[in-house]
Amino acid sequence: MVEMDGMKIVQTRAILNYIAAKYNLYGKDMKDRLFIDMYVEGTTDLMLAVIPLPFQQGDAKAKQIDLIKNRAVNRYFPVYEKALQGQDFLVGKQLSIADVQLLEAILMVEEVHNDVLSHFPGLQAFKTRTSEIPTIKKFLQPGSKRKPMPDEKYVATVNKILFS
């Protein structure tokens, strides 16, 4: 839940769409929004592979780690690398919610495989460039509201609540 403009907004997609519309991060027309939505859905799929990782153990965790790298390197990152050729942003000539979400997906995958961008120079440049946008740079600083990968204590608490 996010409290914004006197409202309590729930559901990730609704929150993202509201913020994107409010801050002009949702393209200039319907075609831009279509591409933004497609890129957001792709990064969401990749991020959904990373999210359960801290809650897995043993062979299941090892398989999930391999799956994440395989999907990032062979399915998702090549698409984004190609989309960014000759331009700074995924859609149009300005930052969109798709760019913000791609950066977050990159950061999440790098927490699992820190060298995952080694064969993607366009994504490396995108990450560097996007991370320097003042509001994003501030958000990425230690102590910000960005949530790190859940640690063992968090996982234990969640497991206790859900499975005890």
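Values reported hereafter were calculated over all heavy atoms of this structure, with side chains retained and with hydrogens, waters and symmetry mates removed. Here the structure is a predicted model, which means the values were calculated and not measured.
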> How close do His113 and Lys69 get, heavy atom to heavy atom, and via which atoms?
Replying inline: NE2-CB, 3.2 Å
> Does a sphere of radius 6.0 Å around CG in Asp59 hold more than 12 heavy atoms from other residues, nucleotides or ligands, not counting ones at 6.0 Å or beyond?
Replying inline: no
>> Using 0.5 Å steps for rounding, measure from the OH atom of Tyr39 to the OH atom of Tyr76.
In response: 14.0 Å
> Is the count of non-hydrogen atoms from other residues, nucleotides or ligands lying under 6.0 Å from Lys22 atom NZ greater than 12?
Replying inline: yes
>> Contact between Ser131 and Leu140 at the side-chain level, heavy atoms closer than 4.5 Å - yes or no?
In response: yes
> ring pair (Phe, Tyr, Trp, His ring centres under 6.0 Å) with Phe89: which residues, sequence neighbours excluded?
Replying inline: none
> Closest approach of Ala98 and Val40, non-hydrogen atoms and distance?
Replying inline: CA-CG2, 3.8 Å
>> So, taking the atom named CG in Leu90 and the one named CE in Met38, what distance separates them when rounded to the nearest 0.5 Å?
In response: 11.0 Å
> Can you tell me if CD on Gln11 sees more than 12 non-hydrogen neighbours from other groups inside 6.0 Å?
Replying inline: no
> Do Val79 and Arg75 come close enough that some side-chain heavy atom pair is under 4.5 Å?
Replying inline: no
>> For a 4.5 angstrom cut-off between non-hydrogen side-chain atoms, does Gln101 reach Glu41?
In response: no
> Does a donor on one side chain and an acceptor on the other come within less than 3.5 Å for Asp99 and Tyr80?
Replying inline: no
>> Any non-hydrogen side-chain atom of Pro54 less than 4.5 Å from a side-chain atom of Glu152?
In response: no
> Distance from Leu95 atom CG to Ile133 atom CD1, nearest 0.5 Å?
Replying inline: 4.5 Å
>> Going by side chain to side chain donor-acceptor pair (under 3.5 Å), name the residues that satisfy it together with Arg146, two or more places apart in sequence or in a different chain.
In response: Glu104
